[in-house]
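Note: hydrogens, waters and symmetry copies are ignored here, and every other heavy atom, side chains too, is used. Protein chains get the first letters and strands the later ones, always in sequence-line order, with residue 1 at the start of each.
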Amino acid sequence: MRTRWIAVLRTPVGAGAGLLLLGVLLLAVFAPVLWSHQANAIDTDHLLQGSSAQHWLGTDNLGRDIFYRVLVASRTSILLALLATAIAVVTGLALGSAPAILGKRGGRAAIAVVNIAVAFPGLLLALFFAVVFGVGAKGAVLAIGFAGAPSFARLTQTLVAGVAERDFIAAARIAGVGRFRMLVRHILPNIAEPLVVNATIGAGGTLLAFAGLSFIGLGVQPPAYDWGRMLGESLSGIYVHPAAALAPGVAVVIAGLAFNLFGEAVAKGLGVQVPRARWTSRTPEAVPARDSDAVLVVEDLQVSFPGPVTPVRGVSFTIRKGEIVGLVGESGSGKSLTALAVAQLIEPPGQVTAAELSFLGAPLLGRLPVRSTAATRRRLLGTSFAMVFQDPMTSFNPTKRIGVQLAEGAREHQGLSRRAAMNRAIDRLRAVRVPAAERRAHQYPHEFSGGMRQRAMIGMGLMGTPALIVADEPTTALDVTVQRQVLRLLETIRSEDDVAVLLISHDISVVAEICDRVLVMYAGRVVEDLPATELATGARHPYTRALLAAVPDLDTALDEPLAVIPGRPVDPARLPDGCAFAARCSFASDRCRTEDPVLVDQVACWHPQAQAEYSSFRTGQR
Amino acid sequence: MSELRFDDVTVRFGRGGRALTAVDGVDLTVPSGQVVGLVGESGSGKSTLARAAVGLAEPAGGQILLDGVPLRHRPGARRPLQMVFQDPYSSLDPRMTVGDSIAEAMPRGARRRDEVVRLLELVGLDADRVSAYPGALSGGQRQRVAIARAVAGQPDVLIADEITSALDVSIQGTVLNLVRTLQRELRLSMLFISHNLAVVRYVSDIVAVMYLGRIVEVGPARDVLGNPQHPYTKELLAAAPRRGSTALPPPDAVADAEPADPHHPPAGCRFHPRCPVGPLIRTDREHCLTLDPTTEADHRLHRAACHHAAGVLRAVGSNPPVLMELKEDSL
Ligand SMILES: Nc1ncnc2c1ncn2[C@@H]1O[C@H](COP(=O)(O)OP(=O)(O)OP(=O)(O)O)[C@@H](O)[C@H]1O
Ligand code: SF4
Ligand code: SF4
Ligand SMILES: [Mg+2]
C-alpha cells in the first residue's frame with residue numbers, strides 16, 4: 001500500500017503536484033510568521049499605488065503592500081478551506097455510514113436525507129447555510145462544510161455498500177462484532193483511500209468556494225483578510241491597478257490547482273493502467289514444414305512480465321486434427337497464460353516469444369511485412385480459432401442479445417448478411433443444444449443459466465468452422481451434471497467435425513475422461529506428456545502422481561487422511577535452481593536441486609518412476 | 001456440542017412477481033457432534049440455508065433451533081454458530097492482521113494473545129503469522145486463518161460453505177484433512193456444504209441432497225451414497241468422477257435438459273422435467289406432474305422426495321387414497 005503511494009510520487013505529474021502542494025502548505029504555515037509585519041505596515045504616503053520597486057504589486061487603500069498581504073493571506077484562506085473540507089468529510093462520513101450503524105429503518109432515513117440533499121446545487125446550499133449561520137468566517141466555514149457534505153455522503157454510501165457485500169463483513173457479523181466497531185475496524189480502513197483522494201480534490205473546490213463567499217462579503221470580515229476578500233476589495237480598481245486584483249485571484253487558482261492535481265495524480269496512480277502489447281518472435285516467418293495434420297504447433301513458448309518474471313518458460317506441444325489435449329496443473333502453473341498466448345490475448349506489458357507458434361501452418365508471431373497478411377491472419381483466427389473462458393458472463397456483452405452477439409462475428413469475418421448471420425446463430429445454438437434456440441437467441445446473457453451460457457459461448461466459437469477450440473476451465477464454475485453436458489458437447493463437436501480441442505483444467509479427473517492426451521504443467525513447464533488412458537497407471541512424473549493421488553473420489557478410503565502434496569507451489573519470481581518441484585518431491589536427489597530436468601521421452605524428471613511402482617507410491621505418499 | 005435443527009425453513013428473495021423462494025420448507029437436523037454434508041447443484045439454495053442459520057438471511061417461515069431453542073441474532077452478541085466462507089480472498093479483511101481477525105471473533109475476556117497463537121498452531125500455521133496481512137498468504141493459508149477465526153468464536157455449530165472449491169486440488173486435501181481433524185478433536189457439530197460428492201462423502205456422517213430449494217434425500221452418508229433412493233441423487237453419483245475412469249458416462253437425454261428456473265419451479269415433483277424415470281420417459285407416471293412428493297417423504301427411506309423411491313419405511317396405509325390408486329395404476 002505504502003509503496004503504491006510512493007510510486008505515485010515517482011510519476012512526473014504526481015511529483016510536480018506533490019511539490020506544488022507542499023510549497024502551498026509551507027507558505028500557509030510560515031508566511032504569517034515571516035511577513036506579518038510587512039503585510040500590516042501602513043504607509044499613508046503610498047495609497048493605492050501601482051507596481052513599484054518598493055511594492056511589487058502595489059499597495060491597497062491603506063498603503064499596505066499587496067504582495068506580502070497575498071502571501072500572508074494564504075494561511076487564513078487555506079486553513080479555512082481545510083476546516084470546511086474537514087466538516088464536509090466528517091458530516092458526509094457520518095451521513096454516508098449511518099445505514100451501516102443504524103440498521104434497516106434508520107439507514108433508510110439517512111439514505112433518503114442524502115438523496116434529497118444531493119439534488120440541490122452545492123452553491124445554493126452554501127448560500128442558504130451562509131445566511132442561516134450568519135455572516136463571518138465561522139458561518140462561512142460551516143456553510144461550505146455542510147454544503148459539501150451531501151456529495152461526500154453519497155460517495156461514502158457507495159463505497160460502504162461495495163465493502164459491505166464482501167464476505168469478511170459477513171464473517172465479522174457472525175463473529176458478533178458490533179455495528180460501530182464494524183464501521184471503524186472493517187469498513188472505514190477499506191474505503192479510506194478513495195475518500196482521502198476525493199477529499200484532497202474536494203479541498204481545491206472548497207478553496208474556490210470560500211474565496212467566492214468572501215468575495216461577495218459573506219466570508220472573512222475585516223480586519224482579517226483572505227484571498228477572496230482582497231479580490232473583492234481591489235476589484236473596483238481593476239482598471240487602475242490590475243495587479244492588485246489579479247494577484248489574489250492567481251493565488252486562489254494556484255492553491256486550488258495544487259490540491260486538485262495532487263488528488264487526481266494519486267487517484268490515477270492507484271488505479272491500473274494498461275499500455276499496448278508487444279509481440280515478438282525469435283525466428284519470425286520461419287515455419288518448417290511439418291506434419292500436415294498439425295493444427296497448432298507450439299515450440300519453446302515463453303511468456304514474461306516486467307519484474308522480470310517468466311511464468312511460462314519454454315512450453316512445446318503439437319495438437320493434431322480432431323485431437324483433445326488436456327492441460328492440467330495448479331493455479332499459477334501457467335496454463336491459462338499458455339492458452340492466452342496462443343489466442344494472442346496476452347495483455348501488455350506481457351511479452352510473448354516462441355521458437356515457433358503456428359496455427360494451421362501460418363505463423364502467429366512476428367511482424368508481418370504486408371498488410372494483407374495481417375488481415376489474413378486476423379481472418380484465420382476469427383474463423384478457425386475459438387476460445388471458451390471459465391466465466392462466460394464476463395465474455396458476453398450484458399447489454400446485447402445472445403443471438404446478435406453470435407451473429408456479429410460471422411458478419412465481420414464471413415461477410416454474411418444480417419439475416420443469414422442470425423439464422424446461422426440460431427442454428428449454432430441448436431447445435432450446442434440450447435433448448436428453444438430461436439427464442440433463446442433473443443434473450444440477454446443474464447437470462448441464461450451458467451451451463452447454458454457456457455454452451456452459447458461454445459456456439460459462438462462454432463459460428464465459423466473452427467479447427468481448434470481452446471477451452472480454459474470451461475466447467476470449473478459449473479455443477480457436476482452441467483459439467484458433464486459441456487464436456488460431452490465438446491466431445492461431440494470433436495467427433496463430428498474433426499475439431500481439435502485444447503482443454504485447460506486444474507481438475508485432473510475431468511481431463512482424464514475426455515482427453516486423448518494430457519500435458520501436465522508445473523511452474524511454467526510441461527513436466528509430463530502422456531496418453532489419458534495411461535494417467536491412472538502409467539504416470540511417471542512424481543508431480544503427476546501426487547496430483548492424481550490428491551483428488552478425493554468416491555473410492556477414497558475414509559479412515560485415512562487424504563494424500564496431500566506437501567509444501568507450496570513455487571513463486572514464478574523465485575524459481576529454485578534445478579527442478580522446480582524438488583522442494584515438494586519425495587524422490588528429490590542432489591542432482592534435482594542443481595540441474596533443471598528437460599522434457600525427454602515425455603517426462604521432465606531425473607528420476608521418473610517406473611509404472612510398476614505406482615501402487616506402492618500411492619500408499620507411500622500418504 | 002449442540003444440535004442444530006431447521007424446522008420447515010423458507011427463505012424468499014424479492015417481492016411480488018419477481019419473488020424467488022430459494023429455500024422452501026426445509027427440515028434438516030445436524031445432530032450433536034456430527035457432520036451433515038449438503039450437496040446440490042448451483043442455485044439449489046445451499047448457501048441461502050447456511051446464511052439463514054447464521055443470521056445473514058431472514059427466514060420467511062419456519063424456525064432454526066439450537067438445542068431446541070430458537071436462534072436469535074442480535075448485533076454485537078456472541079454467535080453460537082460460526083461460518084467459513086467459500087472465497088478466502090474476500091472473507092478476510094485485507095486491512096487487518098491475521099491475529100486481529102482471529103482475536104476479534106473470540107468471546108470477551110479470553111486470553112487473546114496466547115489463544116491466537118494456539119489457534120494458529122491448531123490450523124497448522126506458524127505463530128509468527130500473527131502480524132501478517134492476508135495479502136501475504138496463499139489461498140490455502142487464508143482458508144486456514146478463516147477456519148481458525150471460526151473456531152475462535154467457540155461455536156456450538158460450524159458451517160462450512162464450499163470451503164475447498166476456490167482452492168487448488170493440491171491444497172484441497174490439506175484443508176479437508178484439517179477440517180476433519182478439528183471436527184473430531186473439538187467434537188463440533190457441522191454443516192458441510194459442497195457440490196463435490198466425493199468431498200462430502202469424505203467428511204460427512206450424514207448426507208442431505210438439495211434440489212431447487214428442497215431437501216430431496218437425506219440419510220447416513222454410507223446408505224445414501226451406497227443405496228440412493230432419489231433419481232437426482234443417482235444422477236449426481238453417476239456424474240461424479242471415479243478413480244481411473246477414462247470415459248464419460250453415457251449421455252442421458254433427460255438429464256441434459258436445462259436446469260429449472262427457480263422463479264417458476266415446476267409443479268408436482270420439481271425434478272420431473274429432468275427425471276430419467278419420470279413422466280417424460282414413462283407415460284404412466286403423469287402424477288409426478290401434479291403431486292408433490294415431499295408431503296409423503298417422511299414415510300420413505302432417506303426421506304426421499306420421490307413417488308417411486310424403492311424403499312418404504314412403513315406401510316402406506318396412511319397415504320391419501322389418490323396416491324394409492326395412482327400407484328396401483330402404475331404397476
Ligand atoms: N440476495 C439475493 N437476491 C435474490 N436472489 C438470490 C439472492 N441470493 C441468492 N439468490 C437466489 O437464490 C437461489 C439459491 O441461491 P444459493 O446461493 O443459496 O444457491 P447455492 O445452492 O448455494 O448455489 P452454489 O452452489 O452456486 O453456491 C438462487 O436462485 C439465487 O439466484
Ligand atoms: S527431477 Fe527430481 S525433484 Fe524433480 S520431480 Fe523428478 S525426482 Fe522430483
Ligand atoms: S417423483 Fe417422479 S419425477 Fe419426481 S423424481 Fe420421482 S419419479 Fe422422478
Ligand atoms: Mg453457494
Steps toward salt bridge (charged side-chain N to carboxylate O under 4.0 Å, His left out) verdict (B:Asp100, A:Arg185): CA-CA 10 Å; B:Asp100 286 346; A:Arg185 285 305 306 263; 3.5 Å; yes
Side-chain heavy atoms of B:Arg222 within contact of A:Leu558, under 4.5 Å: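 A side-chain contact under 4.5 Å is absent here.
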Donor-acceptor contact below 3.5 Å, side chain B:Arg201 vs main chain A:Thr556: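 Looks like yes, one N/O pair under 3.5 Å.
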Side-chain donor/acceptor of A:Asp167 to backbone N/O of B:Ser90, under 3.5 Å: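 Flag not set: sc A:Asp167 to bb B:Ser90 has no pair under 3.5 Å.
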Heavy-atom distances under 4.5 Å only: say whether [X] touches chain A with side chain, backbone, both or neither.
X: B:Tyr89; result: backbone
X: B:Leu81; result: backbone
X: B:Met96; result: side chain

Looking at every heavy atom in both [X] and [Y], which two are closest together, and how far apart are they?
X: B:Gln172; Y: A:Pro552; result: OE1-CD, 4.5 Å
X: A:Asn190; Y: B:Pro94; result: OD1-CG, 3.2 Å
X: B:Arg180; Y: A:Asp559; result: NH2-C, 4.1 Å
X: B:Arg95; Y: A:Pro189; result: NH1-O, 2.9 Å
X: A:Ala171; Y: B:Ser91; result: CB-O, 4.2 Å

To the nearest 0.5 Å, what is the distance between [atom1] on [X] and [atom2] on [Y]?
X: A:Leu562; Y: B:Leu178; atom1: CG; atom2: CG; answer: 12.0 Å
X: B:Ser101; Y: A:His186; atom1: OG; atom2: NE2; answer: 6.5 Å
X: A:Met182; Y: B:Glu104; atom1: CE; atom2: CD; answer: 7.5 Å

A:Arg181 atom CZ, neighbour heavy-atom count above 12 within 6.0 Å: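 Yes - once you tally the heavy atoms of other residues, nucleotides and ligands closer than 6.0 Å, there are more than 12.
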Heavy-atom pairs under 4.5 Å with chain A, option from B:Gln141, B:Gln82, B:Arg51 with the top count: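 Most pairs with chain A among the choices: B:Gln82.
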